[in-house]
There are 2 protein chains.
Amino acid sequence: MIDHRSVMRTVLPRRGRLPLSNMNASPALVRTGLGDQIRQVLIDGITSGRWAPGERIVERRIAAELGVSQAPVREALRHLEALRLIETLPNRGARVRDFTDEDLAEVFPVRAGLEETAADLAVQRLEGRVEALEVHITRLAAATDPDEEMRHSIAFHREIVEASGNRLLRSVWQSLGIEVWTALSLRRRGTELCGKAVEHTDITEAFRRRDLGVGRMVHDHVMSYAP
Amino acid sequence: MIDHRSVMRTVLPRRGRLPLSNMNASPALVRTGLGDQIRQVLIDGITSGRWAPGERIVERRIAAELGVSQAPVREALRHLEALRLIETLPNRGARVRDFTDEDLAEVFPVRAGLEETAADLAVQRLEGRVEALEVHITRLAAATDPDEEMRHSIAFHREIVEASGNRLLRSVWQSLGIEVWTALSLRRRGTELCGKAVEHTDITEAFRRRDLGVGRMVHDHVMSYAP
DNA sequence: CGATTATCTATGATCGATCATAGATCAGTG
DNA sequence: CACTGATCTATGATCGATCATAGATAATCG
C-alpha cells in the first residue's frame, strides 16, 4: 500500500522516483496533477528524441515506468494528441508521430493568419503602449543560449496575441504548442532564427505609431521563419 | 430544474450488446467508443439548453444517468473543455459555460484569420477547379430548414479550409467547433445569416478566376457574420 | 457571539482489475 | 500449400473502488 497521505506530493509517487520538476521559484506554487507531470515527461521524451518517430507508446508501460496507473497516462496522451505529437487509432493505441518537413512548415501559415488577426486587434487596444512588447525585445537581446532566445522570441509573439484581448484567439494560438514545434524545428535543421530579432523592433515601432499595416508586417514576419 | 434521468440510454451498453446507433448507411460503418457517444450527448444537452449555463456537471452523476463509469465521462468532458463548452477548475469540477455575447463574437476574427489564410493557399492549389465549392452552394440553395442551411453554409467554408491542403489549418479550424457555436448563436439571436449566401457565389467566382484577392474576400465575408 | 479550527461531505483524481478488440499464432481442411 | 477459422496475446477501453482536496458544517475558544 502506498502512502497517499504524504503532504504535497511534488512529484510522481511510489518509492523514490523521477526528478522533482517544480520545487523552485514559481509565483503561485503550482500544484499540478499527475496528468500534467506525465505530459511534460512525455513531451520532453519526444522532443529530445528519446522516443523515436513511429515508436509505439504503450499506456501500461509508461505507467509502470513512472510508477503511476494507466488513467493519468491516458489523460496525458490525449494532450499529446491535441499537440499532434502522437497519432492514435481507436483501439490500437498511440505512436510517436513522424514529423515531415512539411509538417513542420504547416505551422507558419497558421501562425501568420492568427497573429495577423491578433496584431490588427491589438493595435487598436494598445493605443501605442508597447512597454510589454519592449520587455521581450530586451530580454531576447540579453539571452545567452539558443533555447532562451527561442523562448523570448516566442514570448514576444505571445504578447501580441495576448494584447489582442481575444481569449479564443489566445487559446487557439496556445494550443499550437509553438515552443514544442519550434524546438523540433531547431533540432531538425541547425540553430537559426537569430537575425529576425530586429524585425521585432520594427513591429513594436509600428504598434507605437498605431500603424494599421502592422497586421501585414506580423504576417510577413512570421512567414519569414518558414523554411 | 429539468429532468435529466429519462433522457438517453438508447445506445450506451452494459452487459448487453451495444445497440449500434449507426449500423445503417455510412461509408465506413463508424463504431464509436463510449467517450464519443457521451460527448455527443453532452454537447446536445448543452446546446439544447437542457443544462443551464453555470450549472455544475458532476462526473459521477452523468455516469450514473448514462449507465457508464466515470472514466469515459471524464474523457468526454475534456473534449467539451477543448470546445470551450464547459469551464473546469483543478480539483473542483466542471460547469456549463455561460456564453456572453462577447464569447460568441470572438470566434469571427479567429475564423476570418484562418479562412483568409486557407483561401490564399487554396486559390493556388485549386487552379480554378471550384466544383467542390459549387456543390455546397447548390445544396445550400436547396436547403429547407435553417439547421440544414447552417450546415451547408458551414460546409462551404470547411471546403475552403480543406482545399488549403494544410492539415494543421484544417485541424485547428475543426477544433473551433463552428457548428456548435453557430447553433448557439442562432439560438441566442433570431435565425439570420441567410442573405450572406450570395457572397459564396462571389467567392467561388474569385476562386475560379484565381483572383489573389480571394483571401481578403473570405476574411471580410466571415467578419460580416459577426454581430 | 465572531473568529478559528476540527470534522464531515461531495466529488475530482487516481488506482488496480476486468472487458473487449486487433493482431499474431496455431490448427484443420481441401 | 494456400486458405479459413479457432485460439492466444497484447493492450486499449471501461469499470468499481479508493485516495485526496475543496467547501460546508460543527465544535472550540477567546
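Each chain gets a letter, A, B and so on, in the order its sequence line appears, and its residues count up from 1.
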Proximity to DNA chain C (any heavy atom under 4.0 Å), residues of residues 76-87 of chain A only: none
For the pair made of CG in A/Leu66 and P in C/dT14, what is the distance, rounded to whole Å? 13 Å
According to ring-ring contact (aromatic ring centres under 6.0 Å, His included), who are the partners of B/Phe108, at least two apart in sequence or on a separate chain? none
Using every non-hydrogen atom in the two residues, find where A/Gly215 and A/Ala119 come nearest and quote the distance to one decimal. CA-CB, 3.8 Å
Name all residues meeting the salt bridge (charged side-chain N to carboxylate O under 4.0 Å, His left out) criterion together with B/Glu134; count only those two or more places apart in sequence or in a different chain, and write none if there are none. B/Arg208
Electrostatic pair A/Arg74:B/Glu75 at N-O distance under 4.0 angstrom: yes
Any salt bridge (Lys or Arg N to Asp or Glu O under 4.0 Å) pairs touching residues 39-53 of chain A, not counting sequence neighbours? A/Asp36-A/Arg39
Using 30° and 60° as the class boundaries, would you call the ring planes of B/Phe156 and B/His200 parallel, tilted or perpendicular? parallel
Test salt bridge (charged side-chain N to carboxylate O under 4.0 Å, His left out) on B/Arg95 and B/Glu87 and set out the steps. CA-CA 6 Å; B/Arg95 54 186 63 232; B/Glu87 283 173 330; over 6 Å; no
Residue pairs, two or more places apart or on separate chains, that pass salt bridge (Lys or Arg N to Asp or Glu O under 4.0 Å) and touch residues 161-183 of chain A: A/Arg158-A/Glu179, A/Glu162-A/Arg170, A/Arg167-B/Asp103, A/Arg167-B/Glu106
Identify each atom pair where a protein N or O and an N or O of nucleotides 11-13 of chain D are less than 3.5 Å apart, giving names and distance.
{"residue": "D/dG12", "atom": "OP2", "partner": "A/Glu59", "partner atom": "N", "Å": "3.0"}
{"residue": "D/dG12", "atom": "N7", "partner": "A/Arg60", "partner atom": "NH1", "Å": "3.1"}
{"residue": "D/dG12", "atom": "O6", "partner": "A/Arg60", "partner atom": "NH1", "Å": "3.3"}
{"residue": "D/dG12", "atom": "O6", "partner": "A/Arg60", "partner atom": "NH2", "Å": "3.1"}
{"residue": "D/dA13", "atom": "OP1", "partner": "A/Asn91", "partner atom": "N", "Å": "3.4"}
{"residue": "D/dA13", "atom": "OP2", "partner": "A/Arg74", "partner atom": "NH1", "Å": "2.4"}
{"residue": "D/dA13", "atom": "OP2", "partner": "A/Arg74", "partner atom": "NH2", "Å": "3.1"}
{"residue": "D/dA13", "atom": "N7", "partner": "A/Gln70", "partner atom": "NE2", "Å": "3.4"}
{"residue": "D/dA13", "atom": "N6", "partner": "A/Arg60", "partner atom": "NH2", "Å": "3.3"}
{"residue": "D/dA13", "atom": "N6", "partner": "A/Gln70", "partner atom": "OE1", "Å": "3.3"}

